[in-house]
Amino acid sequence: MSQDFVQELQAQLQPYRQRMVDHSVYRRLDTLADLRVFMEHHVYAVWDFMSLLKALQRELTCVELPWVPKGNPSTRRLINDIVLEEETDLDPEGQPTSHFELYLRAMREAGADTAPVQRMLDALAGGASVPAALAAAPAPASVQEFVKHTFAVVAGGQPHAIAAAFTFGREDVIPDMFRNLVDDLARRFPGQLDTFIYYLNRHIELDEDHHAPLAHQMVRDLCGTDATRWHEATEVARQGMAARVALWDGIAAALPHSQPVA
């Protein structure tokens, strides 16, 4: 790795990132029925993102009693800022809500089925494991594989690896994934998807202007000049991007009148 470690990591990941951004699934959301299928799959990624975030909060800030200062103050602020916005952002009416709950509202507004993901939440609240809760939903196979990957990263307990998955598999790429989708949906379904478009725009705004640059610095701080950590961060990010592409492939295959995935 050169001195600008993040730029070199991004260069290595560029082919995988491009596959995510250019995936055919965005162009194939032609009808509300297509969009409902997308949302019924994607909602699980909205949900499991919170476990990546909470794992970072657990590893990089003090969440035990008695409290003691832990880690880098700048990193603590980043994590707590993102937790604030993800768990208690403001909805279009200015009322506090989590992004996950906002997404459920957008699903209901679009006529998508929220019952499966609610069954998963109920199973988790009852003490079920994540795999058992996903099976109880039941979540699509591609969703189960995606979530399995996320929780494998979390279970690894390596802050630099979790941070890489969080930063390069999620925060860094979301604006580019969703920007064209927002414009297209607003044009084709005026007034029908207001909450969903608000959700997407909010993520583009937060991730591009605030979260991603700070998350890059978090990875720099956690990896330092350790070549092994940078290699592990790159590999975890690459695997996360591959998992997202596989999820998008699963959605594309599930669309009404599905065509071979390009």
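All values below come from the heavy atoms of this structure, side chains included, with hydrogens, waters and symmetry mates left out.
- Val154 approaches Ala55 most closely through the heavy-atom pair CG1-CB, 3.9 Å.
- Here the shortest heavy-atom pairing between Ala163 and Leu222 reads CB-CD1, 3.6 Å.
- Of all the heavy atoms in Thr150 and Leu52, the pair that sits closest is CG2-CG, 3.8 Å.
- A salt bridge links Arg220 with Asp4: the closest approach of a Lys/Arg side-chain nitrogen to an acidic carboxylate oxygen falls below 4.0 angstrom.
- Residues Leu56 and Val6 fall into different hydrophobic clusters, defined by Ile, Leu, Val, Met, Phe, Trp and Tyr side chains chained together at heavy-atom separations under 4.5 Å.
- Under the 4.5 Å side-chain criterion, counting only non-hydrogen atoms from C-beta, Asp194 is not in contact with Pro92.
- Going from atom NE2 of His211 over to atom CG of Leu206 covers 5.0 Å, rounded to the nearest 0.5 Å.
- Side chains of Ser142 and Glu145: a donor-acceptor N/O pair is absent below 3.5 angstrom, by distance only.
- Shown here are the ring pair (Phe, Tyr, Trp, His ring centres under 6.0 Å) partners of Phe38, two or more places apart in sequence or in another chain: His42, Trp248.
- Here Thr61 pairs with nothing under the side-chain hydrogen bond (donor to acceptor under 3.5 Å, both in side chains) rule; sequence neighbours left out.
- The 12-atom threshold is exceeded at CD of Gln14, counting heavy atoms of other residues, nucleotides or ligands nearer than 6.0 Å.
- Remark: side-chain polar atoms of Gln192 are not paired, donor with acceptor, to backbone N or O of Ala110 under 3.5 angstrom.
- A salt bridge is defined here as a Lys NZ or Arg NE, NH1 or NH2 lying under 4.0 Å from an Asp or Glu carboxylate O, and Glu87 with Lys54 meets this definition.
- Here the straight-line distance linking atom CD of Glu40 with atom CG of Asp113 works out to 5.5 Å at 0.5 Å rounding.
- Contact annotation: the side chain of Ser98 never approaches that of Thr88 to less than 4.5 Å [non-hydrogen atoms, C-beta and beyond].
- Under the 3.5 Å distance criterion, the side-chain polar atoms of Arg170 are left unmatched by any main-chain donor or acceptor of Ala165.
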(message) Walk me through whether Thr234 and Leu13 qualify under side-chain contact (heavy atoms from CB on, under 4.5 Å).
(response) CA-CA 7 Å; Thr234 303; Leu13 294 175; 4.3 Å; yes
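- Checked against a 6.0 Å centroid threshold, the rings of Phe146 and His41 do not count as neighbours.
- With rounding to the nearest 0.5 angstrom, the NE2 atom of His99 is 3.5 Å from the CG atom of Asp89.
- Criterion: ILVMFWY side-chain heavy atoms under 4.5 Å apart, direct or through other members. Under it, Val25 and Ile174 are part of a common hydrophobic cluster.
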(request) Go through the steps to decide whether Val130 and Asp48 satisfy the test side-chain contact (heavy atoms from CB on, under 4.5 Å), and finish with yes or no. (result) CA-CA 10 Å; Val130 170; Asp48 83 343; over 6 Å; no
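- For the pair Asp176 and Arg17, the minimum side-chain heavy-atom distance is below 4.5 Å.
- Distance check: Thr114 OG1 to Met107 CE gives 6.0 Å after rounding to the nearest 0.5 Å.
- The two residues Pro138 and Arg119 make their nearest non-hydrogen contact at CD-NH2, 4.0 Å.
- In terms of heavy-atom proximity, Gln144 sits nearest to Ala139 at NE2-O, 2.8 Å.
- Using a 30° and 60° split on the angle between ring planes, Phe196 and Tyr199 fall in the parallel class, below 30°.
- Residues Thr31 and Leu35 are not in side-chain contact: their nearest non-hydrogen atoms beyond the backbone lie 4.5 Å or more apart.
- A distance-only check finds no donor-acceptor pair linking the side chain of Arg179 to the backbone of Ile204 [under 3.5 Å].
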(message) Would His160 and Asp226 count as a side-chain hydrogen bond (donor to acceptor under 3.5 Å, both in side chains) here? Give the steps.
(response) CA-CA 11 Å; His160 66 283; Asp226 188 322; over 6 Å; no
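- For the pair Val117/Phe100, a side-chain contact is recorded, criterion being any heavy-atom separation below 4.5 Å from C-beta on.
- The closest side-chain heavy-atom distance from Leu60 to Lys70 is not below 4.5 Å.
- In Phe178, the CZ atom is crowded: over 12 heavy atoms of neighbouring residues, nucleotides or ligands sit closer than 6.0 Å.
- The aromatic ring centroids of Trp47 and Phe151 lie less than 6.0 Å from each other.
- Using a cutoff of 4.0 Å between basic side-chain nitrogens and carboxylate oxygens, Arg105 and Glu93 are scored as salt-bridged.
- Atom-to-atom distance recorded for Gln158:CD and Glu232:CD is 5.0 Å, nearest 0.5 angstrom.
- A donor and an acceptor atom, one from each side chain of Gln217 and Asp221, are located under 3.5 Å apart.
- Transitive grouping of hydrophobic side chains (ILVMFWY, heavy atoms separated by less than 4.5 Å) keeps Ile82 and Val46 in distinct clusters.
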Throw together a table of side-chain donor-acceptor distances under 3.5 angstrom for residues 183-191, partners on residues two or more places apart or in other chains.
from: Asp184; atom 1: OD1; to: Arg187; atom 2: NH2; distance (Å): 2.5
from: Asp184; atom 1: OD1; to: Arg188; atom 2: NE; distance (Å): 3.4
from: Asp184; atom 1: OD2; to: Arg188; atom 2: NE; distance (Å): 3.0
from: Asp184; atom 1: OD2; to: Arg188; atom 2: NH2; distance (Å): 3.0
from: Arg188; atom 1: NH1; to: Leu29; atom 2: O; distance (Å): 3.4
from: Arg188; atom 1: NH1; to: Asp30; atom 2: O; distance (Å): 2.7
from: Arg188; atom 1: NH2; to: Leu29; atom 2: O; distance (Å): 2.4

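- Of all the heavy atoms in Ala136 and Ala123, the pair that sits closest is CB-CB, 4.3 Å.
- Clustering ILVMFWY residues whenever any of their side-chain heavy atoms sit less than 4.5 angstrom apart, transitively, puts Phe168 in a cluster other than the one holding Met218.
- Salt bridge absent: Asp91 and Arg202 never bring a charged side-chain N and a carboxylate O closer than 4.0 Å.
- Shown here are the side-chain hydrogen bond (donor to acceptor under 3.5 Å, both in side chains) partners of Thr167, two or more places apart in sequence or in another chain: there are none.
- Between Leu134 and Tyr44, some side-chain heavy-atom pair lies under the 4.5 Å cut-off.
- Under the 4.5 Å side-chain criterion, counting only non-hydrogen atoms from C-beta, Leu214 is not in contact with Glu171.
- Qualifying side-chain hydrogen bond (donor to acceptor under 3.5 Å, both in side chains) partners for Asp22, counting only residues two or more places apart in sequence or in other chains: Gln18.
- With sequence neighbours excluded, the residues satisfying ring pair (Phe, Tyr, Trp, His ring centres under 6.0 Å) with Phe166 are Phe49.
- One hydrophobic cluster, built from ILVMFWY side chains closer than 4.5 Å, cannot hold both Val153 and Val245; they sit in different ones.
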(request) Apply the test side-chain contact (heavy atoms from CB on, under 4.5 Å) to residues Arg108 and Met39: give CA-CA distance (whole Å), side-chain angles for both, the deciding distance (0.1 Å), then the verdict. (result) CA-CA 10 Å; Arg108 291 189 287 267; Met39 298 175 85; over 6 Å; no
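- Note that SG of Cys223 is 4.5 Å distant from CH2 of Trp230, once rounded to the nearest 0.5 Å.
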